[in-house]
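Below you'll find the structure, written out as structure tokens, and then a few comments.
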Amino acid sequence: MRLEPIADPSLARKLLPPVLAIVGSFLVASLLALIAGGNPFAVFGAIIKGAVGSKFALLETLNRATPLIFTGLAVAVAFRAKLWNIGAEAQLYAGAVVTAVLGTGMLQWPAALLLPTIAVLSMLAGALLLLGPALLKTRLGVDEVVTTLLLNFIFLLFVSYLLEGPLKDPMGMGWPKSPRLIPEARLPRIIDGLRLHWGFVLALIAAIALWVINTRTTLGFEMRAVGQNAEAARFAGMPVTGVILKTALLSGGLAALAGFSEVSGLKGSLTLDISPGYGYTGIVVAMLALLHPLGVVAAALFVAAVFVGADAMSRALDVPSYLADIMLASALLMMVLAILLTKFRVVRD
Amino acid sequence: MDIFEILTSAAFWAAAIRIASPLIFATMGELICERAGVLNLGIEGIMVAGAFAGWIAVWAGLPLWGGVAVAFVTGMAFGLLHGIFSVPFGLSQHVVGIGVTLLATSLTFYTYRVVLPEVSSPPKITAFQPVEIPLLSKIPLIGPALFNQTPLTYAAFILVGLVALVLYRTPLGLAVRAAGESPSAVAAQGLSVTAIRMGAVIVGSGFMAVGGAFLTLSAFDSFFFDMVNGRGWICIALVVFGAWKPGKALLGAILFAAFDALQIRLQQTTIGAVVPYQLFLMLPYILSILALVLMSRRAEVPAALMVPFNKGER
Amino acid sequence: ALVGTAPGRALAQDAKKLKVAGIYTVPVEQQWVSRIHIAAMAAQERGDIEYTYSENTANADYPRVMREYAEGGYDLIIGEAFAVEQEAREVAADYPGVAFLLGSSFKPDAALPNFAVFDNYIQDASYLSGIIAGAMTKSGNIGMVGGFPIPEVNRLMHAFMAGAREMNPEIKFQVAFIGSWFDPPKAKETAYAMIENGADLLYAERFGVSDAAKEKGILAIGNVIDTQSDYPDTVVASALWHFEPTLDHAIEQVRAGSFSAEDYGIYSFMKEGGCSLAPYGTFEGKIPQEALDLVAKRSGEIMDGSFTVEINDAEPKSS
Amino acid sequence: MTDKAQAQTVLRLSHITKRFGALTANDDVSFELKRGEVIALLGENGAGKTTLMNILFGQYTADAGEVEVFGQVLPPGNPRAALDAGVGMVHQHFTLAGNLTVWENIVLGTQALGALRLDAKAARAKIKALSTRFHLAVDPEAKVGRLSVGERQRVEILKALYREARILILDEPTAVLTPQESDALFATLREAVGQGLSVVFISHKLHEVMAISDRTVVLRHGKLVAEHATAETSREELAALMVGGEVSAPKIEAMPPGPALMRLSGVSTRGEGRAPGLHAADLTLHAGQISGLAGVSGNGQKALSDLISGLAHPVAGSFEIAGEPVADWSPRRALARRIGRIPEDRHHTGTIADFDLTENAVLETYASDFARHGWMDWKGARAQAEGLIATYDVRCPGPDTRIRLLSGGNMQKLILGRVLETAPRIILANQPVRGLDIGAVNYVHGRLAEAREKGAAVLLISEDLDEIMKLSDVIHVISEGRLSPGFARGTMRAEELGQWMAGEGFAPLTEAAHAS
Ligand SMILES: Nc1ncnc2c1ncn2[C@@H]1O[C@H](COP(=O)(O)OP(=O)(O)OP(=O)(O)O)[C@@H](O)[C@H]1O
Ligand SMILES: Nc1ncnc2c1ncn2[C@@H]1O[C@H](COP(=O)(O)OP(=O)(O)OP(=O)(O)O)[C@@H](O)[C@H]1O
Ligand SMILES: [Mg+2]
Ligand SMILES: [Mg+2]
């Protein structure tokens, strides 16, 4: 078989595959629910209800999408320049650590000054964490997939050390967590009583900003050129090494914002498990979005809705909650395939 | 014990070999996939599935080698899934890999919970026991380290030889290497890139699953959630570290395992009392990066790694 | 074929039964959580409650799941708030009609009457198991393998070490953490290393440690759960946690409408039946009388309050 | 083969039609190839030659028509069947795995995949035998990635011969070869044809077509427009048939040289792998002059063009532009010094395949001319691209087309436009017409001549001696990184230049120079 691009895809062609993908993953979930003794016909309703069925559900979905937008953007910007940053997880924690260090009383500033300072310094920390692998790549040709991947383990152990050592909350009864953030260091909630905070808005702004950078600035042009063909970019006079380093800074910084947003907006303190793999899920989000910043927002919302909905569904049907991850995985795989099939047709020969 | 004492003890090296064994299987699996041009990030999940499938099969009454076979087939099934998405459809290998890891992991846990809903401690099986190889095990240091291991460890070492043999000495191996190097060259010689890559991903995933099964059938005797604990990701690094060569990758795995065995032992020394334990746990990762930096110049990445091949496009 | 039912599903709805939900950040196989899970299953078996649970819930999702259960009409929610302390309390504040009984290192707050805390304060039993260990080790070298040095682990290790030292002040301890709750192969390797280094008795905080002890023909002391049946010639004694007193008290309070911001920690104390030394079983008669006498003496003192085991949550180190 | 008449025809294409979307790349094409015959397949860029051959080889599936080899109809879309039937194909773009050795590339796919052993010994022996028999010298143990293009071409042909191909398809085999290598290839071909091989040969170089082929088949817009015995036609006629009209080469009028714009004296650069660096090279480029650089490929042309492009630095000697010494050299500085560069490899160095024409048009000037404070002026860029498309006759759907979809000629026109539009004072034209059809060749040459008339100094690097002699005011020869003195137009015959190209006349290299 072979794939052939479709010159002018019809509306049906654009819509049908994604719809089928969603239906397909519902079928998978229903079948598995049935096997575990749940009511397969309740699956659909329960997922929809759990993801968007109430104000609470909807806001929870947005909430979970927030860090994914940041990490998705981080991966998207890096992958566009063919900088394979698998280390968004560590960079997220870098931002989280900075937030915990600065936000727990070290700086007693008013919120209007403190929050931007923490955000910027978080970004710097995340950026620096990716700068190492980027420099190793540009200077010595060391494969960054591996260095960024391994740095995830190293940095998490480092955070673990901090939380059991210098960053440990003296009032924390020995539990490895940081002290609480002072109120000035907290991102306020958008709606009182619900967990959604201004981190979500920040994520949207970041997406738009990245979109503008990509399409309107010389840096965006350069990042794309370097990613597509570094040799031609160098020949054309682009500062290739500089562009890769700038990309690394941007990517690491964006991932770090996820950590900032989670600690400052959601958790109020740093623990070792603020991220259940947001850095890795960010890769999926970015690819699902075809590396487009605005697409990242949509993809993050999709991933979050599927997970939150399926998780609630597993409880509503009283089947093992691992069904949520199965549903997410099958939805992801089918969706990337569906997106491909909106643009290509399969030809047999 | 001081470091010198540790490094010269057979028990230490025996531990290193044991720790390395699951990594060797999975690293060979990943190496096969990458040699054919497919980065298989499904490895972590496939190891989980293999660990579970092999164990549950033995628990259900199959002999140990039957469990290994079941793990292998389970891995192949996930390899097939990965392959369909990443090879003929050429979808992003990052997404497919992470998707497969997520799917294999959650499907395994789900199955476990459905099959064993009420157990608080998973049942145990009788795992592979060490088999002393006569004569060879009497060689000082090397003997007890290498030749008093479980059959699955021996199988891991044999596999490395086998993979090297197939890759470098058979037409099939040549085709696999070429598929990762220049798919168009393979197609122009009348071979199907799709078939070769699919085959590599399927078989490679089978070995990853056996690596997982090592944990439940040899290193331990029952299955726990999360017990693969990042070992799959390490294997991705080991493949790069081994410059995509089976022998070097084997060395890498043993080296990594030795660092792991060393850090375990160092925690008990006088240094252990002052240095935070996290630093010890970091040691293997840090040293891997350092080693990678030292040998970076030499590695030849398969040129078509992560590049999908579609006949219709130029 | 994949058959079987998840707990609770088959039960008919009974308006009188309390609806209890457990939320755990690890699978229910984990030792600590398993004790809660077992107690809840038992209560369900008795017909007191209707029980459901979510396992392996990431802390990032924890508050959401709490809310979902609270919205879903559950009366009592049990689980662990350790890493989500603040948010858990916020959820409790939003659902004053639901009782929350969560593992926590913190104290309850009278201003939040529906939020009570507990923890596995089984240092009493650990201390006693330490006495046995001190008597059983010949080399005077004990290996201890832990997951993470969190208070729940540390305090038991310290109590165990104190007990062992009371028997034999010269004892040397090897302590290591493997940085994971579920990596039996790694725990086993760590235990092997300790045996190589002279340990002849292991404190089995993690799965895998007793296996190493069994293979190498040395002894082990269990923790939280009783695994002697799996290792009859290896596990001498175990410090058991019983969650039942904690849960039963909570069920009673909720039924009576008097659930309050109590610290349930004491219900894990030996006095309350929250912990015990497991029966010696296969080791009956093999433990020196001297140690048995000391155990009996200390037990009595603990029960009458004349002896208190120190609670030390600091990270233990090798000696 | 009992029937003699049947045996004469080894290949028959009947009524082949192939469409790509709206475009008909091959339109009802039929022809036959006889045993021991060489057919030259001609046509403009994009006429459908490669497509037709890909159908014959089974890489594309035709929409209509069939391929018959030795009387057997080939199943469509199956390269394996074509190979088994005795068809060998040397693709326009090499299909070799760089990290594998020569022999590995050759035996790939020749043994059953289930076979337990790779028969390396027998393979090497057979390759050795073939190399000697057909004068195709290559080291079977060498990694293909380290070989020169000429050597790679030989490997490709060996691949076909190794499989005992009886029909050989050569898609522009000489586009990247030096004249010497081409001559060697032709010698090999004659040898093989004498032994019964039949050949389909695609080339834009009509003198080669005249020299090697028995018959010519001309495609235009996918249709077969003419079929001639080569002996009965002429270069002029073929050229006219291809483009569908008259073609005329540009005239270079003599004119006095202007001031020196670039001067290298005693410049040496570092070599790269097997490619030599420059050794104490002296070169002066004058305004209003085309300086041609002749030489066998791999003799330091890359070193010189990298130096001028800004990719390499001198390690010794003086390098001056417009009288000022060069310091801190880079591509960006080269552009700032108004050096226009046409790179050797338009696909990998000159353009970014998935960028559209607009983006490719401003690749070198976006920062200086189409951006302010880091913000791109896309409107201006698009206008620029539209201008280039119009001025330089780039045939394409529009400025939003990805450049990947353009033919080589049109791609080259865009690069040419991009360079000339900045009114460069020095123009580096490295293999500017490689792979282009006659029409495009004349167009590019004409534009270069025009730039010269306007006072630019042009350095033309080419392996095609005819091209050099036709265009250059001054000719230098490069050999092992050394430059000959400049020879004024008409002072040297081709044979004399050839001797210089073979390394005669140069001062011997010192040991140290060799080592570096
Ligand atoms: N894979 C493809 N997909 C779509 N269209 C194609 C494809 N390959 C070729 N074409 C179309 O077919 C036409 C013929 O292309 P082909 O490569 O056969 O030309 P050619 O005669 O070999 O040109 P050149 O002399 O430049 O090599 C092109 O103009 C192009 O539009
Ligand atoms: N994927 C594609 N889709 C559509 N047309 C294509 C595609 N690939 C190639 N073509 C067309 O095929 C024709 C030949 O392409 P090719 O790359 O062979 O160019 P070329 O003129 O031979 O260039 P060069 O000689 O520099 O390699 C071009 O006209 C181009 O439009
Ligand atoms: Mg062509
Ligand atoms: Mg061409």
Side-chain angles (χ1 to χ4, degrees), chain B residues 31-32 34-37 88 90 161-200 202-203 243-245 297-305 307-314, chain D residues 20 50-51 54 57-61 77-85 87-101 103-120 123 143-145 152 155-156 159-160 162-163 165 169 171 347 353-354 404-405:
Chain B
L31 187 142
I32 294 170
E34 292 194 20
R35 262 305 171 93
L162 217 60
V163 169
L165 204 72
V166 170
L167 273 183
Y168 295 110
R169 296 266 183 274
T170 67
L172 180 65
L174 176 59
V176 168
R177 285 185 289 140
E181 205 52 60
S182 168
S184 59
V186 174
Q189 292 282 59
L191 298 174
S192 161
V193 178
T194 308
I196 292 167
R197 286 187 164 180
M198 285 290 287
I202 291 172
V203 172
W244 291 271
K245 297 193 169 73
R297 287 270 178 222
R298 315 196 49 82
E300 279 176 341
V301 190
L305 182 61
V307 183
F309 178 69
N310 182 8
K311 285 184 279 181
E313 236 186 0
R314 277 201 274 174
Chain D
F20 292 110
T50 300
T51 305
N54 276 333
F57 191 62
Q59 276 179 322
Y60 288 177
T61 310
N78 187 349
R80 168 115 252 164
L83 283 165
D84 291 345
V87 180
M89 177 150 175
V90 175
H91 291 81
Q92 185 167 1
H93 302 285
F94 292 156
T95 52
L96 295 168
N99 231 346
L100 304 186
T101 62
W103 74 264
E104 286 175 325
N105 268 286
I106 293 174
V107 301
L108 174 64
T110 56
Q111 266 182 284
L113 286 189
L116 288 179
R117 270 193 59 81
L118 196 53
D119 204 347
K143 286 254 168 87
V144 165
R152 286 183 207 201
V155 178
E156 285 282 17
K159 265 164 65 176
Y162 187 90
R163 286 174 174 270
I169 302 160
D171 194 352
H347 296 281
D354 282 316
R404 167 194 293 288
L405 298 180

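Every chain is numbered from 1 and lettered A, B, ... according to where its sequence line falls, protein lines coming before strand lines. Only this structure's heavy atoms are used, side chains among them; waters, hydrogens and symmetry mates stay out. What you see is a predicted model, and the numbers here were worked out from it, not measured in a lab.
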Point-to-point distance, once rounded to the nearest 0.5 Å, from OG of S184(B) to CG of L96(D): 8.5 Å
Could you report the tightest heavy-atom contact between [X] and [Y], atom names first, then the distance?
{"X": "A97(D)", "Y": "A185(B)", "result": "N-CB, 4.0 Å"}
{"X": "Q189(B)", "Y": "I106(D)", "result": "NE2-O, 3.3 Å"}
{"X": "H91(D)", "Y": "A188(B)", "result": "CE1-CB, 3.7 Å"}

Greater than 12 external heavy atoms within 6.0 Å of L165(B)'s CG: yes
Sorted by number, residues from residues 166-174 of chain B in contact with chain D (heavy atoms, under 4.5 Å): Y168(B), R169(B), T170(B), P171(B), L172(B), L174(B)
Contacting region of A353(D) [heavy-atom separation from chain B under 4.5 Å]: neither
Options R117(D), Q111(D), E104(D), ranked by heavy-atom pairs under 4.5 Å with chain B, top entry: E104(D)
Pick from L113(D), N99(D), L83(D) with the largest number of heavy-atom pairs that fall under 4.5 Å of chain B: N99(D)
Segment of A178(B) engaging chain D (4.5 angstrom heavy-atom cut-off): both
